[in-house]
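A short worksheet on the structure shown next.
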Protein chains: 4
Amino acid sequence: MIERQQVGRPRSEQARAAILHAVDDLVVESGYGAVTLKGIAERAGVSRQTIYRWWSTKAEILLEASAIDARQELQVPAHETPAEDVVAYLDALLAFLSTSDAGTAYRALVGEAQHDAKVAELLRDTDPVGQSAAEVIERALPGHEMRLPEATAELVGPVFFWVLSGRDPAELDTGRLAAAFLRNGPGVSRATAARRRGR
Amino acid sequence: MIERQQVGRPRSEQARAAILHAVDDLVVESGYGAVTLKGIAERAGVSRQTIYRWWSTKAEILLEASAIDARQELQVPAHETPAEDVVAYLDALLAFLSTSDAGTAYRALVGEAQHDAKVAELLRDTDPVGQSAAEVIERALPGHEMRLPEATAELVGPVFFWVLSGRDPAELDTGRLAAAFLRNGPGVSRATAARRRGR
Amino acid sequence: MIERQQVGRPRSEQARAAILHAVDDLVVESGYGAVTLKGIAERAGVSRQTIYRWWSTKAEILLEASAIDARQELQVPAHETPAEDVVAYLDALLAFLSTSDAGTAYRALVGEAQHDAKVAELLRDTDPVGQSAAEVIERALPGHEMRLPEATAELVGPVFFWVLSGRDPAELDTGRLAAAFLRNGPGVSRATAARRRGR
Amino acid sequence: MIERQQVGRPRSEQARAAILHAVDDLVVESGYGAVTLKGIAERAGVSRQTIYRWWSTKAEILLEASAIDARQELQVPAHETPAEDVVAYLDALLAFLSTSDAGTAYRALVGEAQHDAKVAELLRDTDPVGQSAAEVIERALPGHEMRLPEATAELVGPVFFWVLSGRDPAELDTGRLAAAFLRNGPGVSRATAARRRGR
DNA sequence: CGTTAAACGAGACGGTACGTCATGTCTTTCT
DNA sequence: AGAAAGACATGACGTACCGTCTCGTTTAACG
């Protein structure tokens, strides 16, 4: 059966963009607490109904508004040595969580997820932090013998905890964290690892 | 200076307890999102004004209601070996964060703290997780050479991330995490450490 | 100038009517003191916000709810002689002030006006008593030489005072009042007045 | 039987005076609407309970606070002719109602009385306006043949209505009102009245 | 090129929680 | 026993968003 050609006025791409931008701006300007559907609608010059037509949750909009930026900011170019790679990633992660707008949105979503199962699921599906971490591990430490989930948590957890528990990002020594992660990470003897890289 | 004799009707301890219990119950039953000052008041059989008289924020009440339990649940009795000690702590932390009522409150507070500076400060001052972690580290690894803040983050972070990012607590291998932490933790040779304890 | 096309959902006439009726009922049943915005809303099956959207004061609603009835009850059909006309009016006024629902509302408004300038102004603008009195004077005593404001006060004042100062309406002899008013009212000799009407 | 000796601390006359003054001041400064039991207590430096111990209504306090002043302000010294006497009284009444502090309180009480039967009764018992009017009538027009209640209403009503309905006191011509009242007041032929005075 | 139908803006509606305020009662200590 | 202090339950206030609901208008594809 052929899909009926779309009838009626098509969705306004302009409205969609305006809404996402409005959310972004509002989170940055006034913080998540001040993000209100009414506010978004007014800011975007859009009717409230239009928002409800396409999203069912404030979290959904926020996620859509920040997902792409998040992915980008956590994408770290490959470095020569695993150590450099890991440090670069941790720095990016720290900046993302503590400074970036997308990170603000992400933290807000994590917060919501603690008392909203739907948001939790949404976040689990997207998981920009977990995915980026896994990529880095696979790239920097091929052939490691760790279980990936635990490894991800070991890599990301300390920074995540640091920022979300309200500690000062400037005081975190990512070099030490990277070193510690690598020391026990590879799961192979250092000699072996050195040989591998050396050739 | 002598404290002024108390004048006027004294604060009702009964009301205070009722409020804290009500908050506890409501968080557990319906989640933080559903905790409403109106609801607390009704549940506790107390006037709204009485709540406002003593607390200025929902978060403050929640913190006071859960702080003691939190501290208790994260208090782990000493074990023979550092490894046992650390594993026991991580298990307690995992249970606290993922299962306990006080942990639910704590996670809710962390969530709020992401978009409410006052809550963030409140949480930084209390910080049951950070404190308990520091205690365990000092006890299990005396003479270690790590910077305590980073060490705390390394110990707690992975579990913290695991639970708050919505991963399944049952699938986390705390033994591996403990082992990894200890491998790079002491910063002194194992022999040295053993000798120290031996005397 | 052309009226702006209506945009958005139109005001619900049903809600408006329900509110006005509810106010009417409440004033009659429980007195003005017991009229509460919450009560009106519940009685009318309407949200509180809807009331605030259209009226800014309890008094405004009350005025709108009673103005039409007031005007009607103070409208007295013309009689043969000025004396009959005036007596009929005074009786209507007495009944209005002491018995009628609209009168109850009016007295409540006068009461409010004594300590609320906004209500006072509102009342001055509408002034069903003053207006009806002026009409009667002009009709019953054409060509009189009194200053209308004072004449109005002379006509209405005694009854107004009687009722508002809590005297028993049954004991007021409106015939005497009418006679007194007419005796000094016309300001022209009775003969002259009669001649004028005669032609 | 001998009166039981008074036991315990006697009522503080100082507190009583402070309360009455506070009420007076508050009515004058901020209007009746702003008079609050809490406010009175604070202003008088008195506990709220003390007020409740001696008065049961805000109106009662207000009445007690203003009754003496009211009586005094409506007491008009005798004049040579009835006309002068009546005009003087009407002027005093106008000033009382529209300007005086005690008058403000009185009007507020009349307002309350419209929707509070207790206040109405209280006011009927005291009735400074009615009493003063009756005195003036008896003094200025001895031997008149009017029914006193109606006469009182005729004398007082127009001014009462004028002020309470929010008309401008400056625009009221009390001379005309007095003349009108006197013209039909005596209830005896003018000749007779003239003769009486003439001798 | 007119009809049809969905998207859109505006904004009113019933709800519900907010934080504040005043009320009248109560429980202390002090006088 | 009276008084000051102040906590308490109650309940209205006016405000803010929520999510839903009409309206009239706009913008396509369809016939």
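Order of the sequence lines sets the chain letters (A, B, ...), proteins ahead of strands, with each chain counted from 1. Side chains included, hydrogens not; waters and symmetry mates left out as well; all remaining heavy atoms used. As the structure is a computational prediction, the values presented were derived from the model and not from experiment.
Atom CD of C:Gln49 is separated from atom C1' of F:dA16 by 8 Å (rounded to the nearest Å). At whole-Å resolution of the value, CD1 in C:Ile51 and C1' in E:dG15 are 13 Å apart. When rounded to the nearest whole Å, the span between CD of C:Gln6 and P of E:dG11 equals 10 Å. Counting to the nearest Å, the C1' atom of E:dG9 and the CD1 atom of A:Ile19 are 12 Å from each other. Taking atom CH2 of B:Trp54 as the reference point, atom P of F:dG6 lies 11 Å away to the nearest angstrom. One atom, CD1 of D:Ile61, and another, P of E:dA22, lie 15 Å apart when rounded to the nearest Å. Here F:dA7 presents its P atom at 17 Å from OH of B:Tyr52, a figure rounded to the nearest Å. Between the CZ atom of A:Arg16 and the C1' atom of E:dG9 there is a distance of 20 Å, rounded to whole Å.
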Can you list, pair by pair, the side-chain donor-acceptor contacts under 3.5 Å of residues 47-55 of chain C, counting residues two or more places apart and other chains?
unit_1, atom_1, unit_2, atom_2, d
C:Ser47, OG, C:Gln49, N, 3.1
C:Ser47, OG, C:Thr50, N, 3.4
C:Trp55, NE1, C:Glu64, OE1, 2.8

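Taking both residues in full, the closest heavy atoms of B:Asp24 and B:Ala65 are given as OD2-O, 3.7 Å, listed atom of the first, atom of the second, then distance. Closest non-hydrogen pair, A:Ala102 versus A:Ala70, comes out as CB-N, 3.9 Å.
Between E:dT27, F:dC18, F:dA3, one nucleotide has an atom nearer to the side chain of D:Thr50 than all others, and that is F:dA3. Residue C:Arg48 has its side chain nearest to F:dT15 when only F:dT15, E:dG9, E:dT23 are considered.
Counting atom types as modelled, B:Arg9 pairs a side-chain N or O with a base atom of E:dC26 as donor and acceptor under 3.5 Å.
Partners of A:Thr36 according to the side-chain contact (heavy atoms from CB on, under 4.5 Å) rule, which considers only residues two or more places apart in sequence or in another chain, are A:Lys38. Judged as a side-chain contact (heavy atoms from CB on, under 4.5 Å), and not counting sequence neighbours, the contacts of A:Ser56 are A:Glu60. Legend: residues meeting side-chain contact (heavy atoms from CB on, under 4.5 Å) with D:Ala59, ordered by chain and number and at least two apart, are D:Thr57, D:Leu109, D:Val119.
Within residues 34-47 of chain C, the residues approaching DNA chain F are C:Thr36, C:Leu37, C:Lys38, by heavy-atom distance under 4.0 Å.
Mapping B:Pro10 and C:Ser12 onto DNA chain E by nearest heavy atom places C:Ser12 at the nucleotide closer to the 5' end.
Here side-chain hydrogen bond (donor to acceptor under 3.5 Å, both in side chains) pairs that include residues 111-123 of chain C, with residues two or more places apart or in two chains, are C:Gln114-D:Arg107.
Here B:Arg53 reaches the OP1 or OP2 of F:dC8: one of its side-chain N or O atoms lies under 4.0 Å away.
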